Amino acid sequence: MSELYLFDTYERQVRQFQPLEAGKVGLYCCGPTVYNYAHIGNLRTYIFEDLLYRALKMNGYEVNFVMNITDVGHLTSDADSGEDKMEVGSKRTGMTAWQMADFYTQAFQKDLKRLNINFPDTWCRATDHIKEQIEFIEDLEKKGFTYQTSDGIYFDSRKLSSYGQLARLDIEGLMAGARVDNERQHVTDFALWKFSPADEQRQMEWPSPWGTGFPGWHIECSAMSAKYLGDYFDIHCGGEDHIPIHHTNEIAQTEASRGTRLANFWMHGYFLQLDNAKMSKSAVFLTLDRLIEKGIDPGVYRYFCLTAHYRTQMSFTWSSLEANGVALKRLYQAAYDWGAPGTLLDEYMARFNACINDDLNLPRALAVTWDLIRSNEEPSAKKATILAFDQIFGLDIANYQPQVVEIPADIQKLAEARAVARKEKNWPLSDELRDTALAAGYIIEDTREGWQIKKQ
RNA sequence: GGACGGAUAGCCAAGCGGUUAGGCAGUGGACUGCAACUCCAUUUAGACGAGUUCGACUCUCGUUCCGUCCUCCA
């Protein structure tokens with residue numbers, strides 16, 4: 001087995017992965033803010049994280065996988081102004097913020113299941129960890145990294161010389177165009193705790209040493225990852241949009257409080273683009289449900305994501321999705337036709353592992369797979385090998401069954417009549433019968449053994 | 001306006017300083033009464049302009065465009 005190499009955003013290079021503790025990996029992935037359905041762009045990131053999880057397992061690591069659910073405190077603007085997304089979503093849906101969080105958490109988990117994405121070992125909700133977050137802020141306060149304004153407790157980013165290293169932020173550049181809005185002292189300062197408005201009862205608020213309110217968005221990840229994985233763990237993942245703000249601030253908090261940069265590796269999934277724009281800003285908000293309504297199997301979307309490297313922005317088009325649906329169907333059918341699995345093909349396994357361990361190069365791994373499909377190896381060996389590949393792909397190749405269609409009696413009769421016509425070499429009648437069946441939605445095909453009927 | 005990334009054939013999308021990525025579509029062929037399915041083969045690249053090099057899709061610089069984040073204006 002080749003060594004595992006992964007791209008680390010912090011170092012901006014591919015590095016050999018070495019666990020902090022032999023044989024074990026602590027993995028933290030930023031989960032959803034549950035105020036709406038996940039769109040397929042969000043889901044691409046979770047597929048990437050699942051591939052990483054599977055690759056770590058393939059390399060023999062015991063993985064402790066933690067994912068948070070942000071159910072409070074994520075403002076509509078990342079500049080720590082604007083309304084809480086949860087409160088906004090609550091007004092939109094008519095549910096309470098608590099009901100809505102539960103509703104969208106379940107919708108999210110259903111999407112993960114349908115995409116064959118492994119669940120984390122630990123789910124952690126921000127609202128279940130208010131105490132930990134308050135303690136974290138208290139520690140930052142004690143160490144002199146906070147200041148208070150009329151609307152909350154803020155992190156003083158100037159106290160940290162390394163601030164912004166992850167994103168290679170140019171602080172001077174940011175300052176040049178900085179908006180002096182509230183009492184925030186510096187562009188890169190951010191809220192740790194926000195006070196409830198004096199004239200308003202929020203649905204989600206808690207007492208704290210500084211007054212009633214709710215935690216800032218970034219503190220939950222520092223506090224909860226520390227609780228479940230420790231102050232310095234192996235890998236932290238999220239979407240590329242988290243690099244400049246969210247992850248930068250998580251690192252700042254943890255460096256200030258614990259003196260570590262939180263994670264050894266920082267990995268980011270890149271956006272799915274729709275019409276050359278980030279999906280969430282597009283007029284079209286595509287969910288997995290929408291794909292299913294259009295007759296597209298969730299597995300097709302998963303396969304579609306495998307065709308691009310996780311670190312490149314990928315263009316979504318219906319035609320490319322459908323093209324990959326055709327490819328996946330051929331892959332499934334080929335594997336199905338190979339029958340029972342036999343012995344692994346070492347050469348293909350080695351090539352496959354090399355692709356996966358080269359920073360999760362799934363497109364290359366698929367190329368190896370198509371080599372395997374077109375090769376002249378023993379079917380049983382090919383089957384065993386592709387099933388091993390599927391430990392990473394997660395396409396559930398083992399359970400694929402060709403679609404069994406109920407053939408109506410009249411269609412059966414058409415096919416039988418056509419067989420007779422063909423025997424008599426009555427081609428016009430034969431073609432007419434086939435066309436009639438086609439008009440009813442059934443395709444009659446000739447095989448060596450006779451005819452077979454497929455649904456259109 | 002700033003920082004950070006990107007630009008590959010009809011579409012999606014990889015690796016690589018010289019030697020086939022892959023998939024889908026298309027084209028040619030085998031099979032078929034004709035098709036379909038399947039199989040075999042195969043055309044079309046590297047945003048633009050310079051530079052480095054024996055050789056650049058790959059490295060450097062500039063330009064244009066796209067994305068993310070920040071900001072400004074409206």
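Chain A is the first sequence line, chain B the second, and so forth, proteins listed ahead of strands; every chain is numbered from 1. Keep in mind that the numbers below use all heavy atoms, side chains included, and drop hydrogens, waters and symmetry copies. Small disclaimer: the values here were computed from a predicted structure and weren't measured.
Relative ring orientation between A:F190 and A:H218 is described as perpendicular, the plane-to-plane angle rising above 60° on a 0-90° scale split at 30° and 60°. Classified by interplanar angle (parallel below 30°, tilted 30° to 60°, perpendicular above 60°), the ring pair A:Y53/A:F65 is tilted. The aromatic rings of A:F17 and A:F265 are tilted relative to each other, their planes meeting at an angle between 30° and 60°.
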Where do N or O atoms of nucleotides 45-48 of chain B meet protein N or O atoms at under 3.5 Å, pair by pair?
none

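Candidate nucleotides B:G33, B:C69, B:A21 were compared by shortest atom distance to the side chain of A:I245, and B:C69 ranks first. When distances are taken from the side chain of A:S430 to each of B:G33, B:A14, B:C37, the shortest belongs to B:G33. The A:T312 side chain lies nearest to B:A13 when the options are B:A13, B:C34, B:G23. Among the nucleotides B:C69, B:C24, B:A14, the one closest to any side-chain atom of A:R330 is B:C24. Listed nucleotides: B:C34, B:U68, B:A36. Nearest to the side chain of A:D431: B:C34. Comparing atom distances between the A:A327 side chain and each of B:C24, B:U68, B:A14 picks out B:C24 as nearest.
With rounding to whole Å, A:F190 atom CZ is found 18 Å from B:C69 atom P. Per the geometry, CG belonging to A:L274 stands 17 Å off P belonging to B:C66, to the nearest Å. Following rounding to the nearest Å, A:D241 (CG) and B:G67 (P) show an atom-to-atom distance of 15 Å. One atom, CG of A:D358, and another, P of B:G22, lie 18 Å apart when rounded to the nearest Å. The CD-P distance, from A:Q333 to B:U38, rounds to 9 Å in whole Å. Atom CD1 of A:I243 and atom P of B:C70 are 13 Å apart (whole Å). As rounded to whole Å, 20 Å separates atom C1' of B:U38 from atom OH of A:Y332. Spacing between atom NZ of A:K423 and atom P of B:C34 amounts to 20 Å, rounded to whole angstrom units.
The partner of B:U38 is B:A30, by the rule that a Watson-Crick or G-U pair needs both atom distances under 3.5 Å. The partner of B:C16 is absent, by the rule that a Watson-Crick or G-U pair needs both atom distances under 3.5 Å. Here B:G67 sits opposite B:C4 as a Watson-Crick or G-U wobble pair (both hydrogen-bonding atom distances under 3.5 Å). When both distances must be under 3.5 Å, the Watson-Crick or G-U wobble mate of B:C73 does not exist. Base pairing of B:C57: no nucleotide in any strand meets the Watson-Crick or G-U wobble criterion (both distances under 3.5 Å). For B:G62, the paired base is B:C48 (Watson-Crick or G-U wobble, both distances below 3.5 Å).
Between A:M314 and the choices A:F271, A:Y270, A:F304, the side-chain contact (heavy atoms from CB on, under 4.5 Å) rule is met once, by A:F304. Just one residue in the list A:D8, A:D234, A:D359 forms a salt bridge (charged side-chain N to carboxylate O under 4.0 Å, His left out) with A:R15, and that residue is A:D8.
Residue A:K113 qualifies as open at atom NZ: its count of foreign heavy atoms under 6.0 Å is 12 or below. Heavy-atom contacts from other residues, nucleotides or ligands closer than 6.0 Å to CD of A:Q333 number more than 12. The 12-atom threshold is not exceeded at CZ of A:R125, counting heavy atoms of other residues, nucleotides or ligands nearer than 6.0 Å.
Regarding contacts with the backbone of B:G33, every side-chain N or O of A:R434 stays at 4.0 angstrom or more from both OP1 and OP2.
The P atoms of B:C24 and B:G67 are separated by 30 Å, rounded to the nearest whole Å. Distance noted for atom C1' between B:C40 and B:G33: 23 Å (whole Å). Rounded to whole Å, the C1' atom of B:G46 lies 24 Å from the corresponding atom of B:C4. Taking atom P in both B:C59 and B:A7, the straight-line distance is 10 Å, to the nearest Å.
The ring of A:W427 lies on top of the base of B:G33, close enough and flat enough: under 5.5 Å between centres, under 30° between planes.
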Sequence-aligned protein contact record of nucleotides 5-12 of chain B, with B where the base is within under 4.0 Å of a protein heavy atom and S where only the sugar-phosphate is: S-----SS
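Between A:R434 and A:D431 there is a salt bridge, since a side-chain N of the basic residue sits under 4.0 Å from a carboxylate O of the acidic one.
Using a 4.0 Å heavy-atom cutoff across all strands shown, A:R351 reaches no nucleic acid atom at all.
Taking the six-membered ring where the residue is Trp, the centroids of A:W266 and A:H246 are separated by 6.0 Å or more. Ring centers of A:F352 and A:F393: under 6.0 Å apart, within the cut-off.
When all heavy atoms are compared, the tightest approach of A:T248 to A:L166 is N-CD2, 4.0 Å.
Both A:E322 and A:P244 lie near RNA chain B, and the one whose nearest nucleotide falls closer to the 5' end is A:E322.
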